[in-house]
Number of protein chains: 2
Amino acid sequence: MERANWSRRTRQREMILREIKKLRTHPSAADIYEIVRKKLPRISLGTVYRNLEDLSRAGIIRKIRDGGTRARYDGTAAGHYHLHCQRCGRLVDLEKDPSPPVRVGPGKMDGWEITGYRLEFTGICPSCLKKKV
Amino acid sequence: MERANWSRRTRQREMILREIKKLRTHPSAADIYEIVRKKLPRISLGTVYRNLEDLSRAGIIRKIRDGGTRARYDGTAAGHYHLHCQRCGRLVDLEKDPSPPVRVGPGKMDGWEITGYRLEFTGICPSCLKKKV
DNA sequence: TTTATTAATAGTAATAATTATTATTATCAA
DNA sequence: TTGATAATAATAATTATTACTATTAATAAA
Ligand SMILES: [Mn+2]
Ligand SMILES: [Mn+2]
Ligand SMILES: [Zn+2]
Ligand SMILES: [Zn+2]
C-alpha cells in the first residue's frame with residue numbers, strides 16, 4: 001500500500017473521505033459528487049475523481065471495478081468479500097466470512113442465489129519486479 | 001449461462017471467436033478489432049463489440065472487468081484464476097490451481113510477488129429473486 | 001438456381017465515464 | 001501577514017462503449 005504524500009489537507013478531501021466512510025454502499029464517483037455537493041456546493045467533479053484516486057492509491061479506500069462500466073468505491077479498506085448480482089449489478093458486502101476453504105459450488109448465501117465466484121490475485125508481475133522503481 | 005439464440009452464422013462472429021480462442025492473453029475489444037481486421041478488413045468495431053458481448057453472455061467467452069477502464073475478454077470460458085499486476089495492469093492466467101484452501105498471505109506465486117487477492121461471489125440478489133423473469 | 005425475408009453488418013453519431021488543462025484559490029510554513 | 005505553490009473549479013478533450021440506420025448477406029423457400 002503505497003502511501004500518498006499529500007502536503008496539504010483540504011476541506012474537499014476531508015469531506016469526500018468522511019462521506020464515503022459513512023456509507024455501507026459502493027458509490028460511483030458521480031454518487032459521491034452528489035453527496036459531497038450538499039456540503040460543499042462549489043466542489044468540482046474533477047476534484048472528486050482525483051481525490052478518490054489518491055485515496056485508493058493510498059490504501060485508505062478501495063476502488064472496485066466490476067460488472068458495469070463505471071468504477072465504484074468502497075470506504076471500507078479492510079479486506080472483505082462482496083456479493084455481486086449478475087442481473088442488476090447490485091454490489092454488497094458479505095456479512096459473514098465464508099473462509100477457508102472457500103465454497104465453490106452453487107447454493108444460497110445471505111439470501112442470494114450464488115452461481116459462482118471470481119478469485120483474483122493481485123501483486124507485481126515478474127517483469128515489473130525486475131525493473132527499478 | 002443463458003445461451004444466445006443466433007439465427008444466422010456470420011463470418012465476422014466466427015472469425016472473432018476463432019481469433020480470441022487462439023490467444024492466451026486477455027485482449028480488449030480494440031485489440032480484437034485490430035487482429036480480426038487483418039482477415040476481414042471491412043469489419044466494424046461495433047460488430048466486434050456486439051459479438052463479444054453476445055459470446056460472453058452465451059458463456060462461450062468471458063468478459064473481465066478489472067483494474068483499468070476498458071473491458072477485457074477471455075477466450076477460455078472454463079473457470080480459472082488470474083494474476084493481475086497492480087503496477088502495469090498485466091492480467092495473466094494462473095497456471096497451477098492453488099485451491100483449496102486459498103492462500104491468503106503475501107508471498108511468491110508463478111514468479112509474481114503476491115500482495116493479496118480479491119474474491120467475489122456472483123449470483124442473484126434477494127430482490128431479484130423475488131421478481132418474475 | 002433464383003428470389004424473398006430479415007438478421008446482422010458497416011459506417012457513423014451519440015453518450016457516458018474519465019482524464020487533461022489552466023487560471024484561480026486557499027493551505028501552511030516562514 | 002505574507003509568499004510559495006499544492007490543490008481546486010471550470011472546462012475541454014479523450015476514451016470506451018452504445019445507439020442508430022441504410023445496406024448487405026445468410027438462410028429458406030420457390
Ligand atoms: Mn465493500
Ligand atoms: Mn484467463
Ligand atoms: Zn439483483
Ligand atoms: Zn507488471
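Model, not experiment: these values are computed from the prediction. Throughout, a chain's letter reflects where its sequence line sits, starting with A, and its residues are numbered from 1.
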Quick one: CD1 on A:I16 to CG on A:L40, what's the gap to the nearest 0.5 Å? 8.5 Å

Residues which pass salt bridge (Lys or Arg N to Asp or Glu O under 4.0 Å) with B:E14, listed by chain and number, not counting sequence neighbours: B:R9

Is the distance from OP1 or OP2 of D:dA6 to the nearest side-chain N or O of A:R13 less than 4.0 Å? no

Is there a donor-acceptor pair closer than 3.5 Å between any side-chain N or O of A:S56 and the backbone N or O of A:L52? yes

Interatomic distance, B:I16 CD1 vs C:dA8 P [rounded to whole Å]: 13 Å

Write down the distance between OH (A:Y33) and C1' (D:dT11), rounded to a whole number of angstrom. 12 Å

Between A:D31 and A:S28, is there a donor-acceptor pair closer than 3.5 Å when you use the side chain of the first and the backbone of the second? yes

Ignoring hydrogens, what is the shortest heavy-atom contact between B:I60 and B:A77? Give both atom names and the distance. O-CB, 3.4 Å

Side-chain heavy atoms of B:K39 within contact of B:R11, under 4.5 Å: no

Between A:R42 (CZ) and C:dT24 (C1'), how many Å, whole number? 11 Å

Where protein sits on nucleotides 14-27 of chain D, one letter per nucleotide: B base, S sugar-phosphate only, - none, heavy atoms under 4.0 Å: --SBB------BBS

B:L17 atom CG is separated from C:dA8 atom P, nearest whole Å, by 15 Å

Mind calculating the distance between CZ (A:R37) and C1' (D:dA9) to the nearest angstrom? 12 Å

